Amino acid sequence: MIFKIFYCVFLFGVFSSTLSAKEILHVAVASNFKTVLQTLLQESPLPGVQIKISAASSGILYSQIVHNAPFDVFLSADDARPQALVKEGFASQSSLVTYALGELALWQPNANKVNNKVAIANPRFSPYGRASEFYVNANFKKPISYVYGNNITQAFQFIQSGNVSIGLVAVSTLKAAYSNTQNPKYLDYKVLEADEYPDIIQQGVIIKSTKKKASAKKLMDFLMTSRTQLKLIKLGYRSKDNNASK
């Protein structure tokens, strides 16, 4: 009798844990999109799925993927690396989407503190960095002393801390910072015109090795809905369907 009770309790425990267990979807996200993705996911678009975000520069994430890091989805800040993953057999062409166009801002929160140091993301790893370098070289007086962040978020942190007085940052990062703090210094920026730097075409792919293709596809579909795309414009991006600056 005791054995039967124990066996029933054991089965109930296994059944309960199975019901409560969530599938974990590992998403590699370019640093500029981390906070934005977290905001979008507050809608809980994938019930029963826990989304684990790993954020870094697109170049570093790409390198991790080709070295078999266990990601299910890659949301890059450029189009070159997702397309390279397709060509190299790590992702399928059918999963490739352009989910956003990045926007750059010139940020100088303290106009009285000026020197020739300019903070940008490292152009070697970051498409935001390459676009920033293009703009600075075309518009700033020489000589220029660059302070490179590992990614666009670190470039923002250099200016935020006061270590660098001016730089190029993602509009989305500034909007997220203001939303969290209501600090007016995060509103003191100039959005650059779309034709002043190369397009920052942000694409994503589903990694071929994933065993969670259905959930990965749902996440991609969610990002491409009209509702999400309109939210992305408010959060600091240009629409993928409209190359005109806001």
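What you see is a predicted model; the values in this text were computed from it and never measured.
Counting only distance, with no hydrogens or angles, the side chain of Asp199 and the backbone of Ile201 share no donor-acceptor pair below 3.5 Å. A distance-only check finds a donor-acceptor pair linking the side chain of Thr39 to the backbone of Thr35 [under 3.5 Å]. Counting only distance, with no hydrogens or angles, the side chain of Thr210 and the backbone of Ile207 share no donor-acceptor pair below 3.5 Å. Not one N or O on the side chain of Gln154 forms a donor-acceptor pair closer than 3.5 Å with the backbone of Ile120. Looking at Lys175, its side chain does come within 3.5 Å of a backbone N or O of Lys234 through a donor-acceptor pair. Looking only at distances, a side-chain donor or acceptor of Thr228 sits under 3.5 Å from a matching main-chain atom of Phe222. Remark: side-chain polar atoms of Lys22 are not paired, donor with acceptor, to backbone N or O of Ile51 under 3.5 angstrom.
When all heavy atoms of Leu174 and Ala105 are compared, the pair lying nearest together is CD1-CB, 3.8 Å. In terms of heavy-atom proximity, Ala155 sits nearest to Ala121 at CB-N, 3.7 Å. Summarising the geometry of Asn151 relative to Ser31, their closest heavy-atom pair is CB-OG, 3.2 Å, with the distance given to 0.1 Å. In plain terms, the two heavy atoms of Gln203 and Gln83 that are nearest each other are OE1-NE2, 3.0 Å. When all heavy atoms of Ala119 and Val164 are compared, the closest pair comes out as N-CG1, 3.7 Å. When all heavy atoms of Ser76 and Ser58 are compared, the closest pair comes out as OG-OG, 3.3 Å.
Sparse packing is recorded around NZ of Lys217, with 12 or fewer heavy atoms of other residues, nucleotides or ligands lying under 6.0 Å away. Residue Lys141 places its NZ atom among 12 or fewer non-hydrogen atoms of other residues, nucleotides or ligands, all under 6.0 Å distant. Taking a 6.0 Å sphere around NZ of Lys212, one finds it holds more than 12 heavy atoms contributed by other residues, nucleotides or ligands.
Both Val29 and Val49 belong to a single network of hydrophobic side chains, linked directly or stepwise wherever heavy atoms of I, L, V, M, F, W or Y lie under 4.5 Å apart. Linking Ile, Leu, Val, Met, Phe, Trp and Tyr whenever their side-chain heavy atoms come within less than 4.5 Å leaves Val205 and Met224 in two separate clusters. Residues Phe71 and Leu85 fall within the same hydrophobic cluster, defined by Ile, Leu, Val, Met, Phe, Trp and Tyr side chains chained together at heavy-atom separations under 4.5 Å. When hydrophobic clusters are built by joining Ile, Leu, Val, Met, Phe, Trp and Tyr residues whose side-chain heavy atoms come closer than 4.5 Å, directly or via intermediates, Leu41 is grouped together with Val97. Residues Val86 and Val73 do not share a hydrophobic cluster, clusters being chains of Ile/Leu/Val/Met/Phe/Trp/Tyr side chains in contact below 4.5 Å.
Rounding to the nearest 0.5 Å places CD of Glu88 at 10.5 Å from CD1 of Ile65. Rounded to the nearest 0.5 angstrom, Lys185 NZ and Tyr178 OH are separated by 14.0 Å. Taking CG from Asn116 and CZ from Phe140, the interatomic distance works out to 10.5 Å, rounded to the nearest 0.5 Å. One distance of note links CD of Gln157 with OG1 of Thr173; it measures 9.5 Å at 0.5 Å rounding. Expressed to the nearest 0.5 Å, how far OG of Ser179 lies from CG of Leu235 amounts to 8.5 Å. We find the CZ-OG distance between Phe156 and Ser161 to be 10.0 Å, quoted to the nearest 0.5 Å.
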Exercise for the section: Check step by step if side-chain contact (heavy atoms from CB on, under 4.5 Å) holds for Ile144 and Asn137. Expected result: CA-CA 8 Å; Ile144 298 165; Asn137 286 341; 4.3 Å; yes
Handout entry: Full working for side-chain contact (heavy atoms from CB on, under 4.5 Å) between Glu43 and Lys231
Key = CA-CA 12 Å; Glu43 290 186 20; Lys231 282 192 172 183; 2.2 Å; yes
Problem - Test log, rule side-chain contact (heavy atoms from CB on, under 4.5 Å), inputs Asn150 and Ser57 - result: CA-CA 7 Å; Asn150 291 329; Ser57 70; 6.0 Å; no
Exercise for the section: Could you walk me through whether Phe74 and Arg81 pass the side-chain contact (heavy atoms from CB on, under 4.5 Å) test, one step at a time? Expected result: CA-CA 10 Å; Phe74 176 38; Arg81 291 181 177 91; 4.2 Å; yes
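Aromatic ring orientation, Tyr237 versus Phe33: perpendicular (interplanar angle above 60°, classes split at 30° and 60°).
Between Tyr128 and the options Glu103, Gln202, Glu133, a side chain to side chain contact (heavy atoms under 4.5 Å, CB included) holds for only Gln202.
For the pair Leu168/Leu192, a side-chain contact is recorded, criterion being any heavy-atom separation below 4.5 Å from C-beta on. Leu37 is listed as a side-chain neighbour of Leu223, based on a closest heavy-atom distance under 4.5 Å. Side-chain contact between Met220 and Leu75: present, with at least one pair of heavy atoms (C-beta onward) separated by less than 4.5 Å. Annotation: side chain of Pro123 is in contact with side chain of Tyr148 (closest heavy-atom distance under 4.5 Å). Counting only heavy atoms from C-beta outward, the side chains of Val171 and Tyr189 approach each other to under 4.5 Å. Under the 4.5 Å side-chain criterion, counting only non-hydrogen atoms from C-beta, Leu219 is not in contact with Asp72. No side-chain heavy atom of Gln160 sits less than 4.5 Å from a side-chain heavy atom of Val169. Counting heavy atoms from C-beta on, the side chains of Arg130 and Asp78 come closer than 4.5 Å.
Between the side chains of Glu193 and Tyr135, no donor-acceptor pair is found at a separation under 3.5 Å.
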